[in-house]
Amino acid sequence: MSNSWSGLNAKQKSGITAALEALTALDTLSQAIASGPPAPRIAFRDLLAWTKGPAVNLPIAYKQALLANPTLRRDFDRLLAKTAEWRCERAAAASSGLLDTRDGSGFRVRLKPSRAAQGQVYLLIEFTGDVPVAPPRSLAVTCADGDCVRLELPEFRDGSAQLLSDENAEVVRLLRDPKTEIFLW
Amino acid sequence: MVSLTRVFIATTEGPSEIQRIAEDDPDVKSVICLNGTAEALPVSLDYHSFVRKPTGVVERLFGCPTYRVDVSRRISNGQSWQLGLLLAHGLHAQGRLAPKDGPADEVYWVTGEVRHNLDVMPVDHVREKLRQSESLFDGLAHLHTKVTVLVPDGNFVEAEAEIRALGLDVNLESVRCWDDFGPSAQDSDTPAPRKKPWRRVIIGVLALLLPFSAAAVLGPWWKADVPKAISVPLQPTLHSAPVAAPPTLTPPPPAAEPPKDSEPIPLPSPAVHAPPAAVPEPPPPPRSAPAAPPLVVSAVERRAPPGSGCGRLRLTGASTVDSEITASTDGFDTRSATGLCEVEFRVTNPSTERRFVSIAVDTTIEGAAPLSASETVPPGGSISLTVSPKVWDGAKSWKASLTVSDALGQRTGGEPPTSPIKPKTLTYIADAPVEPRFR
């Protein structure tokens, strides 16, 4: 079906004109957004370097790349799974609210608010079974939405290591989130 | 009114003020934190052992198994913080520890190691610690604050000489055993020590008779010239004697006196932790270690011999024709994919020390997962990853990106650690596209 422009009434012509103007404005806006600085391309090697490098929160560009690229996300999950010697899966579906304890395979992570300093939390990583000869040096917490934090662990003594963190630190938020996974290596 | 005392732990980087002691949950380990932040110092684990029974003494003396301590400056490894912290715990138990930014009636500058039997052992670097605290002492003298330098008996002579050399206006006290310093708490049947008055009984006290009267005369000059920041390293007065320099509080040393760093330090009694008398203090570590030679990156190609194919080789285990190519700074030269069975990427450690090396290979081979490995590589040793193109894809072009880094952040090619990791690329080009079914 086709209509000639001359066959349209004034109301129809006005509506089409308005729609075309709106599309033109949308194109202009899209071009302006697209002409911004190109986003850095994050490759697997960058994620690998992050896991091996100094412990920091995952940069925003990395998170965006993991969200936008399911293949990269799958490779990253596989990298963490292969790198980690101990793992704590997401909490059971029945879990709701925030957690203070996470039980993994052979270890437990507890969050304990400090009595001595308000607003600070102890992170206690404890082995529940045999204490490994070579305890882990890194802890990573990942969330399906791309968030990820990695920490260097202090020395383990008597099967446990302890970190102190601010209550509002991202690692605390992620550890309390039942949807996150924890990796130790 | 209770008099308040501030305690500084002597370190070779400068004095570290004990800002606060607080009891914490017995379920956690004791920590030493920096300036009230959540940064727990690495020495925290040792402090925990120093507190907690049965190894520790603080819980035994003062009852609580877990403490959090805040200090103003990092305390590195070693045990010389123990006496200062024990003193601070004693004051804290009596409510006499001066809080951060609060007033203090007197100041203790302390160094010493405390054994489980409460013996106080000599420590190293007392002279250096005193030198690094010189501006603190000057500032406190200007405020007319009573300052006591408390050291183990075994360090008394050394401390006395340095205090004299620096012309410090302080009291010097020494201690041989904590029991002599406070009430005996070794007997577990004694009542909780925190309920007992903690007495300050000083043994081995020897006040220095220095020309402190000069301080009053030179006070105005000092006020104008001495830096306030305690972290500013001061020039040791024995080492500098510029003609035009303003007068110091220190009497001039004898002309024949050797530099104090090499001066023998006689210790009155054999001490396990006493510094070697005639050995000069070690020089400060270099800011950065000399750059290690770059890791050597190469690739070993394994190809089927003429008339054969990779599939047959894999089935029969026959030998391949191997050739090694070495990467330049920019990567590898483009190579032919024809007849290529596999490539072993190899990273060799050319240095004389072990190095932790991480290696990752990402290829454009369809369905191939990225590979990675990490290990400590001995001198001359290597770490490798092998990539195998599919048997029937041997004539397809493909590319491998190799990323290598070591624990020091050194990148291949010797780039500075701050530069992004630059992968080395090896491209294999099919000489002539061939349909797989015809191979």
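Naming convention: chains lettered A, B, ... in sequence-line order (proteins, then strands); numbering from 1 in each chain. In this text, all values refer to a predicted model and were calculated from it rather than measured experimentally.
Contact count versus chain B (heavy atoms, under 4.5 Å) is highest, among A:Ala161, A:Ala169, A:Ser160, A:Pro113, for A:Ser160. The greatest number of non-hydrogen atom pairs below 4.5 Å with chain A, out of B:Asp27, B:Val361, B:Ile21, is found for B:Asp27.
Under the 4.5 Å side-chain criterion, counting only non-hydrogen atoms from C-beta, A:Leu164 is in contact with B:Cys33.
Under 4.0 Å is where a charged nitrogen must lie from a carboxylate oxygen, and between B:Lys29 and A:Asp158 no such pair does.
Residues A:Ser114 and B:Asp25 bring no donor and acceptor atom of their side chains to less than 3.5 Å of each other. B:Thr66 and A:Arg115 share no side-chain donor-acceptor pair at under 3.5 Å.
Closest approach of B:Arg20 and A:Ala116 over heavy atoms only: NH2-O, 2.8 Å.
With a 4.5 Å cut-off on non-hydrogen atoms, A:Leu79 touches chain B through its side chain but not through its backbone. The part of B:Thr37 that comes within reach of chain A is its backbone (N, CA, C, O), which places non-hydrogen atoms under 4.5 angstrom from that chain. Both the backbone and the side chain of A:Asp166 come within contact range of chain B, with heavy atoms under 4.5 Å apart. For chain A, the nearby parts of B:Val28 are the backbone and the side chain; heavy atoms of each come within less than 4.5 Å. Proximity to chain B is absent for every atom of A:Thr83, based on heavy atoms less than 4.5 angstrom apart.
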Show your reasoning for whether side chain to side chain contact (heavy atoms under 4.5 Å, CB included) applies to A:Arg157 and B:Asp46. CA-CA 10 Å; A:Arg157 200 171 282 185; B:Asp46 288 339; 3.5 Å; yes

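By the side chain to side chain donor-acceptor pair (under 3.5 Å) test, B:Asp362 pairs with no residue at all, sequence neighbours left out.
No more than 12 heavy atoms of other residues, nucleotides or ligands sit less than 6.0 Å from atom NZ of B:Lys399. Counting heavy-atom neighbours within 6.0 Å of A:Ile60 CD1, excluding the residue itself, gives a total of 12 or less.
When the heavy atoms of residues 120-139 of chain A are compared with those of chain B, the residues falling under 4.5 Å are A:Gln120, A:Tyr122, A:Leu124, listed by number.
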